[in-house]
Amino acid sequence: MAKQETVEHKYVYAFAEGNKDLKELLGGKGANLAEMTNLGLPVPPGFTITTEACKAYLATGEEPDGLADQIAAHLASLEQAMGKRLGDPEDPLLVSVRSGAKFSMPGMMETVLNVGLNDRSVQGLARQASGADEQTSGGADRFAWDSYRRLIQMFGKTVCEVPGEEFEHALDDAKRAKGTHDDLDLDADDLRGLVDAYKKIFFKHTGREFPQEPREQLDLAIRAVFESWNAERAVLYRRQERIPADLGTAVNVVAMVFGNLGPDSGTGVAFTRDPASGAQGIYGDYLANAQGEDVVAGIRNTVPLQELERLDKKSYDELLGIMARLEGHYKDLCDIEFTIERGKLWMLQTRVGKRTAAAAFVIAGQLVDEGLIDLDEALHRVNGAQLAQLMFPRFRLDHEFQPVAKGIGASPGAASGKVVFTSARAVELAAEGESVILVRRETNPDDLNGMIAAQGILTSRGGKTSHAAVVARGMGKTCVSGADEIEVNVPQRRFVVGGQTVVEGDVVSIDGTTGKVYLGEVPVMPSEVVQYFEGSLDPEHIDNPLVRAVHRIMSHADARRRLAVRTNADTGADAARARRFGAEGIGLCRTEHMFLGDRRELVERLILARDNTEREAALAALLPLQRADFEEIFREMDGMPVTVRLIDPPLHEFLPPLEQLAVNVAVAQERGEDVAQEEALLAAVRRMHEENPMLGLRGVRLGLVIPGLFAMQVRAIAEAAVTVTRSGAAARPEIMVPLVGAVQELETVRAEAEKIIAEVVGDSGVEVLIGTMIEVPRAALTAGQIAEAAQFFSFGTNDLTQMGWGFSRDDVEGAFFWRYLELGIFGISPFESIDRDGVGRLVRIAAEEGRAARPELKLGVCGEHGGDPESVHFFHEVGLDYVSCSPFRVPVARLEAGRAAVETNGSDSR
Ligand code: PEP
Ligand code: MG
């Protein structure tokens, strides 16, 4: 033990000691510099200080023991390799000190270049650089003094927190004095003067002279890079990108090479394929006689990389060779930064490059064709979020439009149309062939027809699980919710935003991905990927590389996945579309949607029935309507399982709003009219009014309270199944009871249902399963008991999240989630992606205990999470049999289920 403590921890790695798999320890940049070094590519020598050193420093505020000595040893090797000493007055070695975390955080952390320059070594640098071209670089002196002023500026700002503007102002002053706007017009004397001015600024802010000791410069720069991990912008960026806060950054100390030593020098960036389309070829930019920051700062215009062939064929050919080699080695698109110093090519960075969703699919397909990766790996390299992006129509980006408001991107896509404020008007205008956008404060089930008719839905209230959002996603319709800058006035049929008034008939455009709202029509393009899923593009016969790649990867996902994918659908049309998208059954048919529109009056009669006769009459009228609904769906899903959920929503949704009714009655009374019937209705509505309807008389509770309601539905399901089966198709109904919290609830419903089924089904061969939603925490915790009475469980993760967290589904996202996200209490809404630790634990317990009690228990999920990529992986892990999601999410779920299966089998990950 004592012996182990004396073994010194290794905090510094020479490039030759690392490799690309050590990103956690060496950061992405360090790991890839090491990899390139070991491939024998021309990387300037250097070393990497580990993320562990950074973490130790951030924890204590001091460099860990041994770090200083290890840096000294590696610096000595570096000096030996370069044949120069850091800051040597005659021929100085200069180094760059660069951050580099495990995940790329572009521009979020610090870099200091030219470390090692001081009042004496600047002269040595000038002498060494004296080959520099007089015309373009302004000579060696100019180059050396420019390098020195850059060091003071970067060091001052980064290491000593000197306000950057002060240096900028001094530079502007120097240019003004010279009568120019261009840095390049400043000569060596001007820059020498600027160095003096910078030093004074440095002194004024720090109370000390600019450090002349090279090693001190180096140590302070390393410290500053460590500290930049916790800079405000880095913290914000990590939160946004969901990068863990405790990784720390590595620090790379690299011998400086200069691209600004004359016309035979330069710097550039390159991609091994087009990161936008995935097309093969050479993509990049080059800037002669410049340093990397000049390219980023856009000081001068770059030229296409192909120009380098003319300027410096030897370097160009070498670069192309290296790019091919890197692609072959990384087996992926790489992006590269390089510098040419007097005709000598140096590789400064490479990494697996970021790309668009389309390029991700196309490149994965190409790499399979090239034999570089197999299909499992191709599947691993794309994801459901990318596929979802490719499935929505998009606004054409070549048009300049400014958004007037920004809400929540509740259901992706792009839609333009005339503004309407009521469902009726939406239906009317749509019937005339107009595109319409339905604008409401929030929607409710009565808006359904309008939502179906509309191109898109815009609300000023509500979050990602508001009615508008959930229904729109279900329909694959664009929706922006919670755009609270918009003041909606339905009676006056207008809304006001930023002082502008938009009236019915005006055109707006909404982007359901970004949540942005535009006035006027932004042109939209359809998705080829949807056309393919819809069957109108044949992947074997069209020359579209994206569609071919999607087809190939989707086929592989289907071959690999263990999870089945079903859909949430309550109409024949939705069922048919979901089937085309690859659904293997219906996991949730919400029957409450079948009780709206002109059937509402029957439901009202059912709820308000004064006696059995009235109630039975209402039920008898509903029965054939329901039977027809189910027949249509069973026919569409011929041979596939269809889970029909018995009615769930709170009763008040079927009755007129209390306040409006009270006003109507009062007005009628005032006029002396006969209001006996309205009064009875008002009394009933008052009686049924609930403070928390989502926790009130819903689901199974309703079935137990209103005699005959569930029985009517069960009969309709069984009769429809028999009719469809007798007509030659195969109906496979599964009856699902909602909101069960105790096994006794389920047993009661089941006993009645079984009797009806036995009576209806007879010898038709139809088999009807009976199961339950698990969406109340108590159900999850007593799953062992409930499984005794259930043939299947389907997790209702919307309600399970609502009740698990105690978050009202319809309110919280708009109300305070922003603060929770800001505080990092969660990185994403738990209504969107399953909360693995809490709600997920309830799912896990219920799955395990349910299966322990009944091994053949079928398990699925039908909450919104069934179509969320991350959640699909979780459901795979806990061993569910299927996920069910809205028709548009079906391909995403298929893809992610395939990825989950491949990843569990241990495909090597990037
Ligand atoms: C659920 O709660 O997850 C569910 C699927 O039911 P609903 O959204 O209809 O309440
Ligand atoms: Mg529910």
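Order of appearance sets the numbers: ligands from 1, and atoms from 1 within every ligand.
Listed by number with element, the atoms of ligand 1 under 4.0 angstrom from any heavy atom of G796 are 1 (C), 2 (O), 3 (O). Which parts of ligand 1 touch R809 is read off a 4.0 Å heavy-atom cut-off, strictly below it: atoms 2 (O), 7 (P), 8 (O), 10 (O). Within ligand 1, the atoms closer than 4.0 Å to a non-hydrogen atom of T797 are 3 (O), numbered from 1 in the order shown.
For T591 and Q713, the side-chain atoms include at least one donor-acceptor pair closer than 3.5 Å. Residues R566 and T643 have side chains that bring a donor and an acceptor to within less than 3.5 angstrom of each other.
A distance of 11.0 Å separates CZ in R851 from NZ in K858, rounded to the nearest 0.5 Å. Here N568 contributes atom CG and I586 contributes atom CD1; the two are 9.0 Å apart, rounded to the nearest 0.5 Å.
Ring pair F817/F831 is parallel by interplanar angle, where below 30° counts as parallel and above 60° as perpendicular. Note on ring orientation: taking the six-membered ring where Trp is involved, the planes of F793 and F795 are perpendicular (angle over 60°, cut-offs 30° and 60°).
At a heavy-atom distance under 4.0 Å, only side-chain atoms of R645, from C-beta outward, approach ligand 1. Counting heavy atoms under 4.0 Å from ligand 1, residue M773 touches it through the side chain alone. With a 4.0 Å cut-off on non-hydrogen atoms, L588 touches ligand 1 through its side chain and not its backbone. Counting heavy atoms closer than 4.0 Å to ligand 1, residue M736 contributes nothing at all.
For atom 5 (C) of ligand 1, the nearest protein heavy atom (residue, atom name, distance) is C862 O, 3.5 Å. Counting protein heavy atoms only, atom 7 (P) of ligand 1 is closest to R590 NH2, 3.4 Å. Atom 3 (O) of ligand 1 has N798 N, 2.7 Å as its closest protein atom, hydrogens excluded (heavy atom only).
Closest non-hydrogen pair, M637 versus R579, comes out as C-NH1, 3.3 Å. The shortest heavy-atom contact between D570 and M594 is O-CE, 3.7 Å. A pairwise comparison of heavy atoms in A787 and L857 identifies CB-CD2, 4.3 Å as the closest pair.
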*Stepwise salt bridge (Lys or Arg N to Asp or Glu O under 4.0 Å) check, R600 with E592*: CA-CA 11 Å; R600 205 185 179 90; E592 53 273 17; over 6 Å; no

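Under a 4.0 Å heavy-atom criterion, R698 is in contact with ligand 1. Using a 4.0 Å cutoff on heavy atoms, E864 does not count as a contact of ligand 1.
For ligand 1, the polar-atom distance check finds no N/O of E592 at less than 3.5 Å from any of the ligand's N/O atoms.
Put simply, the angle at the Mg ion (ligand 2) from OE1 in E775 to OD2 in D799 is close to 100°, to the nearest 10°.
The Mg ion (ligand 2) lies at 2.8 Å or more from every N, O or S atom belonging to D648.
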